[in-house]
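Below is one structure; the comments refer to it alone.
What's counted below: heavy atoms across the whole structure, side chains too, no hydrogens, waters or symmetry copies.
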Amino acid sequence: MSDGERMNFCLSDLVPPLRWSDAARITALADRPGLPDAWWRTLPLHRVLAVLDAEALGDLLTGLALDHWPAAAVGDVLPALHVLDPDEADDPQVAIALDRAGSWHGLLALSGRELADQPFVKARPVLTALFTAVFLRMSPEEAPVPEPVFEPVFEPAAAPVPESVPELVEVPPEEPVSEIPELIDAAFGDLDDQTWMVAQNRVFADEPSDPDQLARLLAVHPTVIHDLEAALRDRLSRWLALPEAKPYNEHLTRLTETFGTAVPKDRFVAAAEWHERELRSLEVPAWRFVLATLPGYRLSGDWLVDGDIEDLRERTRSLIASAERPPTVPRALEMIGSLGIRPDVARQWLESVPQLRAQKASQIDPDRQPGGQHGGQQGGQQGGQQGGLKDVALTRRCFRQPDGRWWLRVDVTADHLQGAEVPLPSGFAAYVGLAPGEDRMVRSAAGEVGLSWHARPVLGSLRRILGEVAAEEGSHIFLTLSEEGMLRVRHLPAAEGGDETSRALRLVGYTAPSGTPDQAARVIATRVGLSAPVGRPELLARLRERGDRDLLSLLG
């Protein structure tokens, strides 16, 4: 079920300007074939999208924004943009606008008029791409596009993987489970309208809605949403403790015994026939109800994991790296069994772990030498100890941004401005899926750019992009590849003055006011992949390990 079907809202619920405009006078809304009069305030959005597809509705809203509300901020025209993943609006025109605005929230703060005044920015296609991305999330679901995976590369001499990979371990048959959906419906069939909306969009949602956004749509204070959610979760806990919930609790126990520490989402959904049924009381698939009550498990993308997925991925990388020599594929599959990964999903789990590149021990990444040293005996020893693992979190000048992706900072030189290649650290090259000996082209806002890894990994000329963003020698660009394989480039002008803390933050791509040194340290720690709160000594140790001498000189 799509977001539009889960949230029973009409267009004017999602577009506040429609509520305070005399929409009846807006001719673009009237006389739409297949839609009734005043459809924008009476017809649920998923029914509108059955007549106007997401792109047509996005184009319609773009016209309204530019012609009728040019002074309204883009994020005020369609507030749902604030909770959209920027990668979902992965369009060349959006990428240019994002570079000009400097951040996602900066882009959403621009009005249509201000957007049109930005150099190199074409307001209409930008707005159409942004609005369409939101409506696509609310459209009937299409077959998912497989995401690129980073294939683990093991020693060339690795033994071939046996074809007899264990089959999926089926969930043991249950005593009559057909009664479970009826049990749930009987327990939650009397929810009032507001609680039902919170259940649909928060507690049992695949991607929970922002509580402030939900509060705006329901015209209540955000505390009401939080109180309703807390009360519903308490009711859920009390129901689970009742004797009549015993068959359901037994089902949860069977699942946890079968899944291990990680299981693909599709296997979880298919673990019982009734998981895919819609619960009449909540109008959500039953598997979402199960997910909300499965102790300790969290859904992260395509995986259901007992605990934090990044922690399990890091433990996987560390386990492979700690081997005396790069393991063969069968040995790697055996090793991760110690982490609770079941044999039937072990290969799939390995392929899902980003940055996992177990290569020859002699291939050393100079950007990961302690203190940034290159080559030499010390480098050879480190390569043997690390098992050749290429981890972007330990790669100099690579920083995890709020969108969850790792971005490489490139300090612009005169050569770059003249069209020179951009060297890439091998840790970052592996992160974006580039392998030794490979050549490929990637899309960008300024046309295709080459990626290659021969003597070293490099990115082709960025001269046109640098010119479009008015980059100068000494400024910074941050690079990454989107999940669709598009090169995204963000420009940050060179700092003019400022204290050392502010300059350090700028080097990791953070431009908001710096606050206290402790607050700045927490920001930088997060950007270099330290997930838990750490002290200053641990942060400096990580920077030394990565070779970020510029940051060390500012913070040390």
Handout entry: Qualifying residue for side-chain contact (heavy atoms from CB on, under 4.5 Å) with H416, from D411, L462, V410
Key =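 Of all the options given, the one that passes is V410.
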Ignoring hydrogens and geometry, is there a side-chain-to-backbone donor-acceptor pair from [X] to [Y] under 3.5 Å?
X: S475; Y: E472; result: yes
X: R536; Y: L555; result: yes
X: S444; Y: G447; result: yes
X: R542; Y: V528; result: yes
X: R527; Y: V508; result: yes
X: W407; Y: I477; result: no
X: R298; Y: L304; result: no
X: S482; Y: M486; result: yes
X: S103; Y: G106; result: yes
X: R546; Y: A393; result: yes

Where do [X] and [Y] come nearest, in terms of heavy atoms and distance?
X: T395; Y: G427; value: OG1-CA, 3.5 Å
X: V134; Y: A80; value: CG1-CB, 3.9 Å
X: F135; Y: G58; value: CD1-N, 3.8 Å
X: A73; Y: A109; value: CB-O, 3.7 Å
X: E276; Y: V269; value: CG-CG1, 3.4 Å
X: A346; Y: I341; value: CA-CG2, 3.8 Å

Between [X] and [Y], is there a side-chain N and carboxylate O pair less than 4.0 Å apart?
X: E88; Y: R137; answer: yes
X: D518; Y: R522; answer: no
X: R440; Y: E438; answer: yes
X: D548; Y: R409; answer: no

Indicate yes or no: at least one non-hydrogen side-chain atom of [X] is less than 4.5 angstrom from one of [Y].
X: V74; Y: L107; answer: no
X: F131; Y: L81; answer: yes
X: L554; Y: T501; answer: no
X: L451; Y: L424; answer: yes
X: R313; Y: V353; answer: yes
X: L333; Y: P343; answer: no
X: R396; Y: P425; answer: no
X: L487; Y: L481; answer: yes

Counting only heavy atoms not in [X] (residues, nucleotides, ligands), do more than 12 fall under 6.0 Å from its [atom1]?
X: E538; atom1: CD; answer: yes
X: H82; atom1: NE2; answer: yes
X: E314; atom1: CD; answer: yes

Euclidean distance, [Y] [atom2] relative to [X] [atom1], rounded to 0.5 Å:
X: H105; Y: L110; atom1: NE2; atom2: CG; answer: 13.0 Å
X: L299; Y: F268; atom1: CG; atom2: CZ; answer: 7.5 Å
X: L552; Y: L543; atom1: CG; atom2: CG; answer: 5.0 Å
X: H275; Y: L291; atom1: NE2; atom2: CG; answer: 10.0 Å
X: R124; Y: D59; atom1: CZ; atom2: CG; answer: 6.5 Å
X: T128; Y: L57; atom1: OG1; atom2: CG; answer: 11.0 Å

Problem - Stepwise side-chain hydrogen bond (donor to acceptor under 3.5 Å, both in side chains) test for T316 and W349 - result: CA-CA 9 Å; T316 303; W349 172 253; 3.0 Å; yes
Practice task
Decide side-chain hydrogen bond (donor to acceptor under 3.5 Å, both in side chains) for D439 and H454; before the verdict, give the C-alpha distance in whole Å, the side-chain angles of both, and the deciding distance to 0.1 Å.
Solution key: CA-CA 8 Å; D439 292 277; H454 294 287; 2.7 Å; yes
Handout entry: Steps toward side chain to side chain contact (heavy atoms under 4.5 Å, CB included) verdict (R463, L417)
Key = CA-CA 5 Å; R463 181 176 182 176; L417 296 172; over 6 Å; no
Practice task
Determine, for Y431 and R317, whether the Lys NZ or Arg CZ falls below 6.0 Å from the six-membered ring centre while staying within 45 degrees of the axis.
Solution key: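 Ring-cation test returns no.
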Problem - Step-by-step side chain to side chain contact (heavy atoms under 4.5 Å, CB included) determination, L408 to F478 - result: CA-CA 5 Å; L408 171 69; F478 289 80; over 6 Å; no
Practice task
Please lay out, stage by stage, how W287 and K265 fare under the test side chain to side chain contact (heavy atoms under 4.5 Å, CB included).
Solution key: CA-CA 10 Å; W287 67 264; K265 174 185 174 180; 3.7 Å; yes
Practice task
Check the pair S502 / D499 against side-chain hydrogen bond (donor to acceptor under 3.5 Å, both in side chains), numbers first and verdict last.
Solution key: CA-CA 5 Å; S502 298; D499 57 31; 2.9 Å; yes
Handout entry: Test side chain to side chain contact (heavy atoms under 4.5 Å, CB included) applied to T258 and V263, step by step
Key = CA-CA 9 Å; T258 302; V263 66; over 6 Å; no
Practice task
Carefully, step by step, assess R267 and D344 under the rule salt bridge (charged side-chain N to carboxylate O under 4.0 Å, His left out).
Solution key: CA-CA 11 Å; R267 295 194 179 190; D344 54 299; 3.1 Å; yes
